[in-house]
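None of these values were measured; they are calculated from a predicted model.
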Amino acid sequence: MIPSLRKQFNASFTPEKYQHFLRRIDEQCGTHVQFRLSETPCFFPKELIDRMARDGRELIRQLVDSPEYRAKSDEAVPAEFKVPNEPPHPMFVQVDFGLVRDAGGELQPRLVELQAFPSLYAYQGPLAEAYIDIYGLGTSGLKYFLSGLERASYRELFRRAIVGTHDPENVILMEIHPQEQKTLTDFLLTEKMLGVRAVDIVDIEKEGSRLYYERDGKRIPILRIYNRTIVDELERKQVKLNFDWRDELDVEWAGHPNWYFRISKFSIPYLKHESVPKTWFLDRLEDIPPDLENYALKPLYSFAGLGVVIAPKKEDIAAIPWEKRPYYILQERMHFEPVIETPYGGTKAEVRVMYIWLEELAPVLTIIRMGRGLMMGVDHNKNMEWVGASAGLYVD
């Protein structure tokens, strides 16, 4: 995307540097990264990153600032998972964009999806740093934080969001069997940065209106929760808890769970913006488009592309029971432009803009996924090189 940097990088790449890069990441995380890392970072013009960050902010505010949407999104929050004391806006939001060419040949960002749920906030900075350090990019003036943030100021913003005013001992990262998650790397780096440990949700105990966990043989009260638990996974695994989401608990939420439902694929049919593809709830679709090869069928609440059907057939739609159709969308399919030049040809990039919302809604980092398959997920890019998770770098 920045031709001089791309040409320079590709010419100087060696497999030995890539292996050094992988070892560096594993050492920093304290565990092996379980998803594929691309051989290359992505070099983006700052104006394109700024455009996506601005578009994402407009989409988020369009939803959060609308009393009408807030009322409609009540139906998205399942009664059994409706947590009390919801704040007026989410703390963490991600907006994913693909890059397409318009009729005039210009690159334009198009919304893929958005989610008011935390992503790799501790991991993505060290990943970008590793690309810069190991590949000798430090003299290029490359940056990766947004909103004028640098390593120290980002860390302080992240600390305020997660820890708040509490002792880190009384704050937990809550997840389902965290040691088994592919995002364990981020959990361990969160602990390294903030002193906040990942705690298995099944190990949390309730007494009265207080929650507790065990730390170093001691029973510790939980005063604040950095929530990384995905309800869809809870239900699929039939996980039994010692507390109820609806309980009035003496606890603060760093990322209130209700926003996971309110800002999600559920939101897309309500958005009005040039970056948003045509999208319908499946139960409100009057006629099935004849050109289904140009659409994608997506469940509302799933991660990592689970359950997504690209170019569905009429029988795929017919197979979904009527009572489940409100929980699916049919979305216009976008043909991402392969903008990253690699030794294996042009490669597509999906850009995730990550926001933290304390006093203001601030874009802070990007996550890049590279691929040449039908979708960006690992399962659709098997046995390929120069694909996978990456970092977005730009010159100010």
Side-chain angles (χ1 to χ4, degrees), residues 29 33 35 53 56-57 60 63-64 77 81 83 86-87 89-96 112-128 145-147 149 154-164 166 168 171-178 180-201 204 222 224-234 245 251-265 267 301-304 351-358 360-369 389 391:
C29 295
V33 177
F35 45 88
R57 185 162 34 213
I60 297 163
L63 298 169
V64 174
V77 187
F81 294 109
V83 177
E86 181 183 318
H89 61 75
M91 183 175 291
F92 301 100
V93 191
Q94 333 299 317
V95 185
D96 295 352
V112 177
E113 61 181 83
L114 69 174
Q115 189 77 61
F117 190 80
S119 192
L120 305 175
Y121 283 87
Y123 170 84
Q124 198 61 25
L127 177 69
F145 287 118
L146 309 180
S147 298
L149 294 165
Y154 174 74
R155 184 173 185 147
E156 175 57 17
L157 178 65
F158 188 48
R159 187 201 64 77
R160 288 173 54 217
I162 304 300
V163 180
H166 300 287
V171 182
I172 65 164
L173 185 160
M174 185 173 73
E175 175 59 291
I176 306 163
H177 314 325
E180 300 173 12
Q181 300 287 348
K182 287 184 179 180
T183 46
L184 177 62
T185 50
D186 185 68
F187 305 162
L188 295 176
L189 285 171
T190 300
E191 181 177 356
K192 187 183 289 188
M193 287 176 67
L194 306 177
V196 172
R197 291 188 183 180
V199 173
D200 195 328
I201 192 170
I204 294 173
I222 300 168
R224 190 171 173 89
I225 296 174
Y226 178 32
N227 182 44
R228 299 292 292 270
T229 305
I230 298 171
V231 166
D232 176 64
E233 186 179 1
L234 272 178
W245 294 91
V251 71
E252 297 172 2
W253 293 95
H256 194 281
N258 292 0
W259 282 104
Y260 167 79
F261 299 99
R262 290 192 186 278
I263 295 184
S264 62
K265 295 187 198 75
S267 313
Y301 306 114
S302 67
F303 263 44
V351 181
R352 169 169 291 181
V353 183
M354 306 162 67
Y355 299 82
I356 295 178
W357 195 345
L358 293 180
E360 61 181 22
L361 177 59
V364 294
L365 281 163
T366 60
I367 294 175
I368 314 299
R369 289 196 297 174

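What you find for Phe187 and Ala198 is that their closest heavy atoms are CB-CB, 4.0 Å. For the residue pair Gln115 and Ser264, the shortest heavy atom distance occurs at NE2-CB, 3.8 Å. For the pair Val353 and Ala53, the tightest heavy-atom approach, listed with the atom from each and the gap, is CG1-CA, 4.1 Å. Considering every non-hydrogen atom in both His256 and Val83, the closest pair reads CE1-O, 3.3 Å. Contact between Phe81 and Asn258 at its shortest, heavy atoms only, is O-OD1, 3.6 Å. Residues Val64 and His89 approach most closely at CG1-CB, 3.9 Å, considering heavy atoms.
Taking the side chain as every heavy atom from C-beta outward, Phe261 and Val231 approach each other to under 4.5 Å. Residues Val163 and Pro168 form a side-chain contact, since some pair of their non-hydrogen atoms from C-beta on lies under 4.5 Å apart. No side-chain heavy atom of Val199 sits less than 4.5 Å from a side-chain heavy atom of Pro178. Under the 4.5 Å side-chain criterion, counting only non-hydrogen atoms from C-beta, Tyr260 is not in contact with Asn227. Contact of the Thr185 side chain with the Phe35 side chain is registered, since non-hydrogen atoms from C-beta on lie closer than 4.5 Å.
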Expected list for residues 361-368: side-chain donor-acceptor pairs under 3.5 angstrom, two or more places apart:
none

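For the side-chain hydrogen bond (donor to acceptor under 3.5 Å, both in side chains) with Ser119, the qualifying choice from Gln124, Arg228, Arg352 is Arg352, the only one to do so.
Arg224 contributes a side-chain N or O that, together with a main-chain N or O of Ile162, makes up a donor-acceptor pair within less than 3.5 Å. Under a 3.5 Å cut-off, the side chain of Tyr355 and the backbone N or O of Arg57 do form a donor-acceptor pair. In this structure a side-chain-to-backbone donor-acceptor pair under 3.5 Å is present from Gln94 to Phe117. Of the possible polar contacts, one joining the Gln181 side chain to the Ile176 backbone as a donor-acceptor pair under 3.5 Å is found. Checked by atom type and distance alone, the side chain of Asp96 never pairs as donor or acceptor with a backbone atom of Glu113 at under 3.5 Å.
Between atom CD1 of residue Ile172 and atom OG1 of residue Thr190 there is a gap of 13.0 Å, rounded to the nearest 0.5 Å. Interatomic distance, CH2 of Trp245 versus OG1 of Thr229, reported as 5.0 Å (0.5 Å rounding). For the atom pair OH (Tyr123) and CE (Met193), the distance works out to 14.0 Å, reported to the nearest 0.5 Å. A distance of 4.0 Å separates CE in Met174 from CH2 in Trp253, rounded to the nearest 0.5 Å. To the nearest 0.5 Å, atom OG1 of residue Thr183 and atom CG of residue Leu173 are 8.5 Å apart. Going from atom CD1 of Ile356 over to atom CZ of Arg160 covers 9.5 Å, rounded to the nearest 0.5 Å.
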- Task: Could you check Leu63 against Leu114 for side-chain contact (heavy atoms from CB on, under 4.5 Å), going step by step and ending with a plain yes or no?
- Result: CA-CA 11 Å; Leu63 298 169; Leu114 69 174; 3.9 Å; yes
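Shown here are the ring pair (Phe, Tyr, Trp, His ring centres under 6.0 Å) partners of Tyr121, two or more places apart in sequence or in another chain: Phe92.
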